[in-house]
Amino acid sequence: DAKTTQPTSMDCAEGRAANLPCNHSTISGNEYVYWYRQIHSQGPQYIIHGLKNNETNEMASLIITEDRKSSTLILPHATLRDTAVYYCIVLRGYGKLIFGQGTELSVKP
Amino acid sequence: GAGVSQTPSNKVTEKGKYVELRCDPISGHTALYWYRQSLGQGPEFLIYFQGTGAADDSGLPNDRFFAVRPEGSVSTLKIQRTERGDSAVYLCASSLDGRGSGNTIYFGEGSWLTVV
């Protein structure tokens with residue numbers, strides 16, 4: 001499975017959009033992009049996933065570039081409860097997710 | 001249940017003892033996964049079940065670790081002769097089907113194991 005690169009940390013003001021980037025330049029055509037987050041002492045929480053098209057759900061939007069080499073997770077109105085480590089993972093087939101270091105997002109008042 | 005359920009939520013055991021950790025996946029999910037997360041690290045894959053069979057156990061660290069899923073629903077992770085290095089959070093996840101791609105994979109809250 002392709003590796004991903006994410007910034008180590010990011011800050012965001014409460015109420016503003018949080019845009020978390022992810023590079024996956026070696027992604028292959030049948031690999032999906034998944035996003036999870038983990039709040040301290042809790043299990044990973046599924047956010048969203050996509051293959052080629054942009055996706056939106058009640059939590060976030062996922063924007064995948066046309067060449068699929070990068071993507072952005074957008075939390076439209078960040079709250080303090082969105083402070084967490086966010087993981088971008090590419091996956092083909094069954095759920096053998098390879099977690100990297102992720103991005104530590106701090107939402108500040 | 002509504003989500004992936006794991007018991008116990010916390011377990012303290014003495015070095016050398018045997019431990020069982022239980023996972024109850026989301027109803028109807030045929031794929032079940034075990035992960036382990038050490039302090040400050042991301043989760044690491046241990047084993048994947050499709051139905052009753054272990055389709056991929058490549059992440060089990062050694063033969064002290066074993067997992068079963070006899071009826072294709074509840075799974076038990078078994079650790080023999082526990083060592084202090086086994087201290088970690090053991091996470092269970094499930095998805096509707098492991099075959100194919102694009103399935104949503106849901107995690108439980110984990111079982112915190114401390115070996116003293």
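Small disclaimer: the values here were computed from a predicted structure and weren't measured. A note on names: the letters A, B, ... follow the listed sequences, proteins ahead of strands, and every chain is numbered from 1.
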Requested in this report: List, by chain and number, the other hydrophobic cluster members for B:Phe66, where Ile, Leu, Val, Met, Phe, Trp and Tyr join if side-chain heavy atoms come within less than 4.5 Å, directly or indirectly.
Outcome: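 Once heavy-atom contacts under 4.5 Å are chained together, B:Phe66 belongs with B:Val68.
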Query raised in the report: Apart from B:Leu96 itself, what residues make up its hydrophobic cluster, given side-chain heavy atom links below 4.5 Å?
Result: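 Once heavy-atom contacts under 4.5 Å are chained together, B:Leu96 still belongs with nothing else.
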Requested in this report: Heavy-atom distances under 4.5 Å only: say whether B:Ile105 touches chain A with side chain, backbone, both or neither.
Outcome: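 When you check distances to chain A, atoms from both the backbone and side chain of B:Ile105 fall under 4.5 Å.
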Side chains of [X] and [Y]: does their closest heavy-atom pair fall under 4.5 Å?
| X | Y | result |
| --- | --- | --- |
| A:Ile47 | A:Leu73 | yes |
| A:Leu97 | B:Phe45 | no |
| B:Val115 | B:Ile79 | no |

Give the atom names and distances for all donor-acceptor pairs closer than 3.5 Å across chain B and chain A.
residue, atom, partner, partner atom, Å
B:Tyr33, OH, A:Gly95, N, 3.0
B:Tyr35, OH, A:Gly95, O, 2.4
B:Tyr35, OH, A:Leu97, N, 2.7
B:Gln37, OE1, A:Gln38, NE2, 2.8
B:Gln37, NE2, A:Gln38, OE1, 2.9
B:Asp56, OD2, A:Tyr94, OH, 2.6
B:Asp56, OD2, A:Lys96, NZ, 3.3
B:Ser58, OG, A:Lys96, NZ, 3.0
B:Ser101, OG, A:Gly93, N, 2.8
B:Gly102, O, A:His49, NE2, 2.7
B:Asn103, N, A:Tyr34, OH, 3.3
B:Asn103, O, A:Tyr34, OH, 2.6
B:Ile105, O, A:Tyr36, OH, 2.6
B:Glu109, OE1, A:Gly43, N, 3.1

Query raised in the report: For A:Leu51, is it the side chain, the backbone, both or neither that has a heavy atom under 4.5 Å from a heavy atom of chain B?
Result: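 Neither the backbone nor the side chain of A:Leu51 comes within 4.5 Å of chain B.
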Query - Among B:Gly98, B:Gly110, B:Pro43, residue most engaged with chain A (heavy-atom pairs, under 4.5 Å) - result: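 Of the candidates given, the most pairs with chain A belong to B:Pro43.
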Report task. Please report the C-alpha distance between B:Arg22 and B:Val74 in whole Å, then the side-chain angles of each, then the deciding distance to 0.1 Å, and finally whether the side chain to side chain contact (heavy atoms under 4.5 Å, CB included) criterion is met. Result -> CA-CA 7 Å; B:Arg22 175 189 167 108; B:Val74 171; 3.5 Å; yes
Query raised in the report: Under the disulfide (SG to SG under 2.5 Å) rule, what pairs show up with a residue in residues 50-116 of chain B, not counting sequence neighbours?
Result: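 For residues 50-116 of chain B, and leaving out neighbouring residues, the disulfide (SG to SG under 2.5 Å) pairs sorted by first residue read B:Cys23-B:Cys92.
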Query raised in the report: Checking salt bridge (charged side-chain N to carboxylate O under 4.0 Å, His left out) against B:Glu83, which of B:Arg64, B:Lys17, B:Lys15 comes through?
Result: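 Among B:Arg64, B:Lys17, B:Lys15, the one meeting salt bridge (charged side-chain N to carboxylate O under 4.0 Å, His left out) with B:Glu83 is B:Arg64.
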Query - Contact leader toward chain B among A:Pro44, A:Gly102, A:Gly100, where contacts are heavy-atom pairs under 4.5 Å - result: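 Going by pairs under 4.5 Å, I would pick A:Pro44.
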